[in-house]
Protein chains: 2
Amino acid sequence: MLNLISGENMFTKSCQYAIRAVIFLAENQASDKNTGVKEIADALHVPQQFLAKILQQLSRHNLISSVKGPNGGFYLGEDNAEVTLLDIVECMDGKSTLSTCILGLPNCTNEHPCPLHHHFYGSREGLKATLSSCVVGALVNGQVLSAK
Amino acid sequence: MLNLISGENMFTKSCQYAIRAVIFLAENQASDKNTGVKEIADALHVPQQFLAKILQQLSRHNLISSVKGPNGGFYLGEDNAEVTLLDIVECMDGKSTLSTCILGLPNCTNEHPCPLHHHFYGSREGLKATLSSCVVGALVNGQVLSAK
DNA sequence: GATAAAAAAGATGGTTTTATCTTTTTTTTT
DNA sequence: AAAAAAAAAGATAAAACCATCTTTTTTATC
Ligand code: FES
Ligand code: FES
């Protein structure tokens, strides 16, 4: 479920965790060692098993890379160099998220607008543009990444 | 829960129904007859009892007006003339909705930013401004309001 | 080959959101 | 006063989301 305006947060929990995890991986891009779920979960103060599911989902969609076995873990490789926030969001919350009518009505078009369409269409396109311009590998700036 | 970006919709279901119902009431502002839950629910094709809860919540917060008994129902009166979309959203999804960190981290400030803060702070403030500038009573334009 | 480490996958609970059902209160009309 | 209409409130259930526990698969190291 993607609630762009109402709800407790702009992103779902799954999506928040996914983004934070991927940015964390981006910080370790240089090092050639993999990062395990436990290490990520501990660093971000996020439930480990829930994060594991999220990382599996991202990995299945080739947004991050993984290796099994000892010294295994997750990493951002060359395959993932172009991954954007929009990819992450769509992977976790579905593609429809940023295209459907914000009031849940069918046929969101300029010709068939709901009473809010013209007020928010522009903002939403702007958000989409921002999301697709954010390449996750480049989102590292030593900024706050975890709670606690 | 208000999910401004991720999730199925920008607004929660409760919030969508609330907004659509209030706009529907705005259309009947002129007439001095009240509108019952059943009539609204039928017009918007939304679950009647769920809508009833939502209207009760809006009424409790004085965002809409109601009268009980025969010929009772809901209406937008002078008390509700200044109600904005922001009021509706905050009433349904909580005040914190548009202020907390979009990654769920504590202390969303420019001095203590998460990696996404600077990318989205502006857009979110813009959305908030748009929401607070939309007086619901003025949102009527004969546009699509219900599915089906 | 045996062992251990780690992701992957399967199964199961808990919580919140969404939705429905029933009862109560208020108020108009008869 | 009685009856009826409608919101208000209480209780319960279904669905989605969040979280955890367990088992399986893969793979490196011994
Ligand atoms: S946002 Fe409602 S029709 Fe486009
Ligand atoms: S949006 Fe994350 S700190 Fe402001």
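Numbered from 1 within each chain, the chains take letters A, B, ... in sequence-line order.
- Across all non-hydrogen atoms, the minimal contact from Asn34(B) to Asn71(B) is ND2-O, 3.0 Å.
- At a threshold of 4.0 Å, the pair Lys128(A)-Glu90(A) does not count as salt-bridged, since none of the basic side-chain nitrogens sits closer than that to a carboxylate oxygen.
- Under 3.5 Å, the side chains of Ser65(B) and Asp79(B) contain no donor-acceptor pair of N or O atoms.
- Put simply, CD on Glu39(A) is 10 Å from P on dA7(C), counting in whole angstrom units.
- Proximity of Tyr17(B) to the phosphate of dA19(C): a side-chain N or O atom is located under 4.0 Å from OP1 or OP2.
- Contact check, Lys38(B) against dA7(D): no side-chain N or O comes under 4.0 Å of OP1 or OP2.
- When rounded to the nearest whole Å, the span between NZ of Lys68(A) and P of dT23(D) equals 18 Å.
- Shown here, dT30(C) forms a base pair with dA1(D); the pair counts as Watson-Crick or G-U wobble because both key distances fall under 3.5 Å.
- Spacing between atom CZ of Phe50(A) and atom C1' of dT16(C) amounts to 13 Å, rounded to whole angstrom units.
- In this structure, Lys53(A) places its NZ atom 10 Å from P of dA11(C), rounding to the nearest Å.
- Close to dA8(D), at under 4.0 Å from its OP1 or OP2, lies a side-chain N or O of Ser59(B).
- For dA16(D), neither phosphate oxygen OP1 nor OP2 lies less than 4.0 angstrom from any side-chain nitrogen or oxygen of Lys13(B).
- Counting all heavy atoms, side chain and backbone alike, Pro113(A) lies closest to His117(A) at CB-CB, 3.6 Å.
- Heavy-atom distances to DNA chain C give each of Pro70(A) and Leu55(A) a nearest nucleotide, and the one nearer the 5′ end belongs to Pro70(A).
- Checking the phosphate oxygens (OP1, OP2) of dT29(C), a side-chain nitrogen or oxygen of Asn71(B) falls inside 4.0 Å.
- Between Gln49(B) atom CD and dA6(D) atom P there is a gap of 14 Å when expressed in whole angstrom units.
- Under 4.0 angstrom from either OP1 or OP2 of dC17(D) there lies no side-chain N or O belonging to Thr12(A).
- When both distances must be under 3.5 Å, the Watson-Crick or G-U wobble mate of dT29(D) is dA2(C).
- Spacing between atom CG of Leu25(B) and atom C1' of dA7(D) amounts to 14 Å, rounded to whole angstrom units.
- Note on Ser66(B): a side-chain N or O is less than 4.0 Å away from OP1 or OP2 of dA8(D).
- Rounded to an integer number of Å, the gap from Arg60(B) CZ to dG10(D) C1' is 12 Å.
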Under the side-chain hydrogen bond (donor to acceptor under 3.5 Å, both in side chains) criterion, do Asn28(A) and Ser31(A) qualify, and how do the steps go?
-> CA-CA 6 Å; Asn28(A) 296 22; Ser31(A) 128; 5.6 Å; no
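- Two residues, Phe74(B) and Pro47(A), neighbour DNA chain D, and the one matched to the more 5' nucleotide by heavy-atom proximity is Phe74(B).
- Gly69(A) comes within contact range of at least one nucleobase, with a heavy-atom separation under 4.0 Å.
- The interatomic distance linking Gln57(B) (CD) with dT17(C) (C1') rounds to 13 Å, in whole Å.
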